[in-house]
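The figures that follow rest on heavy atoms only: side chains count, while hydrogens, waters and symmetry mates do not. Order of the sequence lines sets the chain letters (A, B, ...), proteins ahead of strands, with each chain counted from 1.
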There are 2 protein chains.
Amino acid sequence: MTDTPDDALVDALVQTSFVVTGVLTRVAAERDLSLTQLRMLGVLRDRRPRMAQLAALLGLDKSTVSGLIERAERRGLVRRVPSADDARAVEVEATADGLTLARDGAEQVGRALQPLLSSVDGTGRAALTRELERMLSAH
Amino acid sequence: MTDTPDDALVDALVQTSFVVTGVLTRVAAERDLSLTQLRMLGVLRDRRPRMAQLAALLGLDKSTVSGLIERAERRGLVRRVPSADDARAVEVEATADGLTLARDGAEQVGRALQPLLSSVDGTGRAALTRELERMLSAH
DNA sequence: TATTGTTATACTCTATAACTATA
DNA sequence: TATAGTTATAGAGTATAACAATA
């Protein structure tokens, strides 16, 4: 099988992912968080999911999330709340500290990505936003 | 500080990174590789770096790369070659098996990303490629 | 019986610090 | 002295399998 015409786009998407992931990892590390913990706090900014839902949102096994939440709870970033509906279930919510960290982290990510965006002009940014959103909507 | 007009683009970039990273992680896992190992093999497709260079390319500590290469060598995917120029240095190269895995992985990544690309038409793909490459060139 | 979550286990990834060998 | 790489150590992330409690 030879190259498809999309090879350049696939490469650009993969390279972009590595660069953005690097930025996210660095921003997380500056707050003594792993990328996964930062992502988890981001999810909890506007949700209070059960463990299984959180695992699905993060694409992780439920046992992985148990450990994740255990460490975050020990640091005072999240709280486990027994579900009122189902005695088996546990809901997870961010604490005030966790929300602050999530909000500050998101702001810092935006700032840290600006240098990258600086080489793309207004028209290019609009096109980039439009096409990425179109692509993500298929997901 | 309030939202900048780039918030939607930053969000799209971050979401795209998570989606693409998920695809890469899944493709790697199907070959019993971690994302880091797949990335490392990708680097070795067209390079034979020293340990320190490989660490810089991957953004990892040299000690991390020692372990990475140790496990990959045990699996027969890479080979350590003493440098002819500097008796302290070690060059790393992929074996035939490693190259096969790297090539197959890259192809599979392309295929796995097609469903995402399918919602973007030719004009959009061209714009996406152009603007992402422009953005990456700043890096 | 099926589902929710935790725990035990094993391995990979990761960085820091201390080390060896060479430059 | 400085650089290249390894090793020891410690901790986080990850999945699988087995489990307890509840539905």
Side-chain angles (χ1 to χ4, degrees), chain A residues 18 21-22 24-43 48-93 101, chain B residues 18 21-43 48-75 77-93 101:
Chain A
F18 286 146
T21 299
L24 293 170
T25 301
R26 184 167 54 71
V27 168
E30 284 166 4
R31 287 156 180 76
D32 268 301
L33 294 172
S34 69
L35 174 55
T36 304
Q37 297 270 354
L38 183 62
R39 230 187 126 193
M40 178 269 286
L41 289 177
V43 164
R48 199 174 82 161
R50 294 182 177 183
M51 294 292 289
Q53 291 169 338
L54 183 55
L57 286 166
L58 296 175
L60 298 171
D61 190 86
K62 56 186 178 166
S63 66
T64 299
V65 176
S66 278
L68 215 56
I69 294 303
E70 152 67 22
R71 290 184 290 274
E73 193 169 35
R74 215 186 303 145
R75 279 183 63 178
L77 304 178
V78 305
R79 196 182 296 119
R80 279 170 161 108
V81 183
S83 166
D85 303 341
D86 186 333
R88 299 170 300 178
V90 174
E91 290 166 7
V92 187
E93 67 180 7
L101 217 47
Chain B
F18 286 147
T21 299
V23 167
L24 293 170
T25 300
R26 185 167 53 72
V27 168
E30 285 167 1
R31 287 157 180 75
D32 269 300
L33 293 172
S34 70
L35 174 54
T36 303
Q37 297 271 355
L38 183 62
R39 229 186 126 194
M40 179 267 286
L41 288 178
V43 165
R48 200 174 81 162
R50 292 181 177 184
M51 294 293 288
Q53 291 168 338
L54 183 55
L57 286 166
L58 296 174
L60 298 170
D61 190 85
K62 55 185 179 165
S63 66
T64 299
V65 176
S66 278
L68 215 55
I69 294 302
E70 152 67 21
R71 291 184 290 275
E73 193 168 34
R74 214 187 305 146
R75 278 183 63 179
L77 303 178
V78 305
R79 194 183 296 120
R80 280 170 162 108
V81 182
S83 167
D85 303 341
D86 186 334
R88 297 171 301 180
V90 173
E91 291 167 6
V92 186
E93 66 179 8
L101 215 50

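- At whole-Å resolution of the value, CZ in A/Arg88 and C1' in D/dA20 are 12 Å apart.
- Of the candidate nucleotides C/dT6, D/dT6, C/dC13, D/dT6 has the atom nearest to the side chain of B/Met51.
- Checking the phosphate oxygens (OP1, OP2) of C/dT6, a side-chain nitrogen or oxygen of A/Arg80 falls inside 4.0 Å.
- For a distance-only test at 3.5 Å, the side chain of A/Ser83 fails to qualify as a donor-acceptor partner of the base of C/dT4.
- Rounding to the nearest 0.5 angstrom, the gap separating the CD1 atom in A/Ile69 from the CE atom in A/Met51 is 5.5 Å.
- Atom P of nucleotide D/dA12 and atom CZ of A/Arg31 are separated by 19 Å, given to the nearest angstrom.
- Separating the CD1 atom of A/Ile69 from the P atom of D/dA12 is a distance of 14 Å, rounded to the nearest angstrom.
- Atoms CG (A/Leu54) and C1' (C/dT6) sit 15 Å apart, rounded to a whole Å.
- Rounding to the nearest 0.5 Å places CZ of A/Arg80 at 13.0 Å from CD of A/Glu91.
- Within the 4.0 angstrom heavy-atom criterion, only backbone atoms of the sugar-phosphate kind lie near A/Thr36; the bases stay farther away.
- Within 4.0 Å of B/Gln37, counting heavy atoms only, lie sugar-phosphate atoms of the nucleic acid but no base atom.
- Checked against C/dA15, D/dG5, D/dT22, the side chain of B/Leu60 finds its nearest nucleotide in C/dA15.
- Toward the 5' end of DNA chain D, the nearer of the two residues A/Lys62 and A/Leu35, judged by each one's closest nucleotide, is A/Leu35.
- With D/dT22, D/dT14, D/dG5 as the choices, the nucleotide that has an atom nearest any side-chain atom of A/Ala87 turns out to be D/dT22.
- Atom CG of A/Asp32 and atom C1' of D/dA12 are 12 Å apart (whole Å).
- Rounded to whole angstrom, the span from the CZ atom of B/Arg50 across to the P atom of D/dA4 amounts to 7 Å.
- The interatomic distance linking A/Asp61 (CG) with C/dA8 (C1') rounds to 14 Å, in whole Å.
- Taking side-chain N and O atoms only, A/Thr64 has no distance below 4.0 Å to OP1 or OP2 of D/dT14.
- One interatomic measurement links the two molecules: CG of A/Asp86 to P of C/dA2, which rounds to 17 Å at whole-angstrom precision.
- Within the model, atoms CG of A/Leu35 and CZ of B/Phe18 stand 5.5 Å from one another, a figure rounded to the nearest 0.5 Å.
- You'll find a donor-acceptor pair under 3.5 Å spanning the side chain of A/Ser63 and the base of D/dT16, going by distance alone.
- Within the 3.5 Å criterion, the main-chain N or O of A/Val27 finds a donor-acceptor partner in the side chain of A/Arg31.
- For C/dC13, the OP1/OP2 oxygens have a side-chain nitrogen or oxygen of B/Arg71 closer than 4.0 Å.
- Taken to the nearest 0.5 Å, the CG atom of B/Leu101 stands 5.0 Å off from the CG atom of B/Leu33.
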